Structures are given as C-alpha cells and as structure tokens.
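Down below is the structure, laid out as structure tokens.
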Amino acid sequence: MYKTESNRITVDVSDLDVPATLECGQLFRFEKTDGVYTVKSGEHICRIYSDDKTVAIETQSVDFFVNFFNLDRDVNRTKRELGRFEELKPALESCGALRILHQPLFETIVSFIISANNNIPRIKGIINRLCALNDDVFPSPAQIVAMSVRQLDSIGCGYRSQYIYDSSKICAETDLLNRLYAARTSDAGKLLMTLPGVGQKIADCVTLFALGRLEVFPVDTWMLKTQRVGKETEMQLRARLMDKYGAYAGYAQQVLYYYNAILKAKE
C-alpha cells in the first residue's frame, strides 16, 4: 500500500524493500549517504529514507516515481507465485519486497551498453559524468548525437563510445523507441539487438527494466555461476529458466542475483 502527497510518497515497508530494489543491479543512478538514498532518473530526483514501518520518498515528481517504482503492481503476489519453487525460497525470503523498476527506455539502453564488461562503481561514474555534460539530466538521443565520440571517450566510455553514439543516432533518426513499446517481447529483443553494442543480455535487461516484460531472464556471470546445469550455454540456461518460471522469470532472476551477488557477499 502507498499514499501520495504533493511532494511525498509513503509506502509500507512490506511493499518496498529499498536496498534490495536499488542494489540488485537494475539501476545505476543512485547514491546512499547516512542511510538516505538519492535516486535520479531522466530529469527527476527523489530522496528515500525509511523506518521499521514505512518508506518515505520525497520528490517534486510524485507521479513519475509512483510509476518508476511500479507501486501499483502487487509485488507480494509475484513472490507468492514464485514461492512454489523450493529453490527460490531462500532468495525470496531474504529480499523482502524487491521491485522491478520501470525506467526510461533510452536511458536504460545507454546505461546497459555502458555496463558491458564493466563494474558497478565505474558504470555509475561514467553515467554521472555523462549527465554532468547535460546539467545533471540524462541526455536525449539527439543530445548525445550532438556530442562527439571523443567527448564520450573523455568521460571514460572507452570502446563503448562508438556504440553509444551510433545507437543514439538510430534512436534519434528512426521510430525505433516507439516500436519497442508496441512490440511483442521476442520482437522487442530482436529490435534492441539491431543497435550497436546490444547483445542478448543487454536486450533482456532493457526489456525487463524499461519495458516491464517480466518473462525475460537476463543471463550474467552470476546466473552462470549459480544456476547453470552441466555444460549449458547461456542461451540454454536462459530458455530453461524462462520456461520454468514463466511470466515471472525476470523477477526470479533479480532475487537470485541480489541473494547470491549482494547478500551472500556480505556474509
């Protein structure tokens, strides 16, 4: 349950686990200082803090962040649906009300191109520097096209600079972004992979975190390490777990990632 005011959203802690949601690898534009999270998305910003009962989200963009945090989705129903799988129970019980975010599409595409073969502190640094070039707002496709590849190099994008520039140019000059919103899930993945620098894993992340298609299961090194059976390829693992977990495969992937890569690493 949640309620909104002019500059605040209040959510029951049973409906939003803030650390699990923000630190499960789906978002890079956030910082934590003295227990308070600051989250940025597009031109919007919010501050989040919580106690034992409630989460407070302070923002001038209330409607945006209701949608961003998917607060109208019953996340506990999703957990109950997945709770019939015994192997998921430890992760589900440890992650609280982890939510799949609904992020801006173009921002998610570029962020995950930057994430390729990269670590989270460096990804966050590059994205912050990219936004700093545009008054701390994530740039549009046209704004990135107005930059040079050399400028992208200068903020640390490396070999990804050309991919980001070329993908931005396609998004600026075609209707690809609109087509993605309307496309079926499998077709959306194929469209995304026409962009330079976007392979299956990045396409799945964008489809899950921006388009809200919970049936996709992104395969990263942690999934290969913890979920692989025998000598399965990435695509075989992906197909098996998408078939097994069905409409909530993407949610299963996120709780498995957070449980194995974040929580266990702290033990």
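What you see is a predicted model; the values in this text were computed from it and never measured.
Using cut-offs of 30° and 60° for the angle between ring planes, the Phe68 and Phe65 rings count as perpendicular.
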Given Gln151 and Tyr165, is the side chain to side chain donor-acceptor pair (under 3.5 Å) satisfied, shown in steps? CA-CA 10 Å; Gln151 197 168 13; Tyr165 183 87; over 6 Å; no

Mind running side-chain contact (heavy atoms from CB on, under 4.5 Å) on Glu23 and Tyr37 for me, showing each step along the way? CA-CA 11 Å; Glu23 298 177 15; Tyr37 287 89; 2.5 Å; yes

Tyr2/Phe69 under ring pair (Phe, Tyr, Trp, His ring centres under 6.0 Å): CA gap, chis, key distance, verdict: CA-CA 11 Å; Tyr2 71 93; Phe69 284 104; over 10 Å; no

Kindly indicate, with the supporting measurements, whether the criterion side-chain contact (heavy atoms from CB on, under 4.5 Å) is fulfilled by Ile48 and Phe30. CA-CA 10 Å; Ile48 307 173; Phe30 73 91; over 6 Å; no

Please evaluate residues Leu130 and Ile164 with respect to the criterion side-chain contact (heavy atoms from CB on, under 4.5 Å), reporting the C-alpha separation (whole Å), side-chain torsions for both, the decisive distance (0.1 Å), and the verdict. CA-CA 11 Å; Leu130 177 62; Ile164 294 167; 5.6 Å; no

Leu71 and Asp15: CA distance, side-chain angles, deciding distance, side-chain contact (heavy atoms from CB on, under 4.5 Å) verdict: CA-CA 8 Å; Leu71 294 180; Asp15 287 312; over 6 Å; no

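For the residue pair Phe217 and Ala252, the shortest heavy atom distance occurs at CE1-C, 4.5 Å. The two residues Leu177 and Pro141 come nearest to each other via the heavy atoms CD1-CG, 4.3 Å. When all heavy atoms of Ala97 and Lys79 are compared, the pair lying nearest together is N-NZ, 4.3 Å. Nearest heavy-atom pair, Lys231 versus Gln236, reported as atom, atom and distance to 0.1 Å: O-OE1, 4.2 Å. Scanning all heavy atoms of the two residues, the minimum distance from Cys46 to Thr59 falls at CB-CB, 3.6 Å. Considering every non-hydrogen atom in both Glu87 and Lys244, the closest pair reads OE2-NZ, 2.8 Å.
Linking Ile, Leu, Val, Met, Phe, Trp and Tyr whenever their side-chain heavy atoms come within less than 4.5 Å leaves Phe209 and Val39 in two separate clusters. Hydrophobic clustering, with ILVMFWY side chains joined whenever heavy atoms are under 4.5 angstrom apart, keeps Tyr49 apart from Val13. Hydrophobic cluster membership is shared by Met193 and Leu176, with clusters built from Ile, Leu, Val, Met, Phe, Trp and Tyr side chains linked at under 4.5 angstrom. Ile109 and Met147 fall within a single hydrophobic cluster, where Ile, Leu, Val, Met, Phe, Trp and Tyr are joined by side-chain heavy atoms under 4.5 Å apart, directly or via other members. Using a 4.5 Å cut-off between side-chain heavy atoms of Ile, Leu, Val, Met, Phe, Trp and Tyr, with links allowed through other members, Ile57 and Ile45 fall into different hydrophobic clusters.
Arg238 is listed as a side-chain neighbour of Asp204, based on a closest heavy-atom distance under 4.5 Å. Proximity of Lys264 to Thr226: side-chain heavy atoms (C-beta onward) are nowhere separated by under 4.5 Å. Contact annotation: the side chain of Glu5 approaches that of Thr10 to within less than 4.5 Å [non-hydrogen atoms, C-beta and beyond]. At a threshold of 4.5 Å between non-hydrogen side-chain atoms, the residues Leu241 and Tyr245 count as touching. The shortest side-chain heavy-atom distance between Arg160 and Asn118 falls under the 4.5 Å cut-off. Contact check for Ser41 versus Pro104: side-chain heavy atoms found under the 4.5 Å cut-off. In this structure the side chain of Ser168 reaches within 4.5 angstrom of the side chain of Phe106, judged on heavy atoms. For the pair Val75 and Leu98, the minimum side-chain heavy-atom distance is 4.5 Å or more.
Between the side chain of Thr207 and the backbone N or O of Arg213 there is no donor-acceptor pair closer than 3.5 Å. Listed for the Asp243 side chain is no donor-acceptor partner under 3.5 Å among the backbone atoms of Ala239. Looking at His102, its side chain does come within 3.5 Å of a backbone N or O of Ala210 through a donor-acceptor pair. Although no hydrogens or angles enter the test, the distance criterion places no donor-acceptor pair under 3.5 Å between the side chain of Ser94 and the main chain of Ala91. Under a 3.5 Å cut-off, the side chain of Thr4 and the backbone N or O of Ile9 do not form any donor-acceptor pair. Between the side chain of Thr194 and the backbone N or O of Leu191, at least one donor-acceptor pair lies under 3.5 Å. Between the side chain of Asn70 and the main chain of Arg99, no donor-acceptor pair closer than 3.5 Å is present. Checked by atom type and distance alone, the side chain of Asp220 pairs as donor or acceptor with a backbone atom of Trp222 at under 3.5 Å. Not a single donor-acceptor pair under 3.5 Å links the side chain of Gln143 to the backbone N or O of Asn134. In this structure, the side chain of Gln227 does not engage the main chain of Gln253 through any donor-acceptor pair within 3.5 Å.
Using a 4.0 Å cut-off between charged side-chain N and carboxylate O, Lys169 and Glu173 make a salt bridge. Using a cutoff of 4.0 Å between basic side-chain nitrogens and carboxylate oxygens, Lys201 and Glu234 are not scored as salt-bridged.
Residue Asn7 qualifies as enclosed at atom CG: its count of foreign heavy atoms under 6.0 Å is above 12. Crowding of Tyr163 atom OH: a count of heavy atoms from other residues, nucleotides or ligands under 6.0 Å not exceeding 12.
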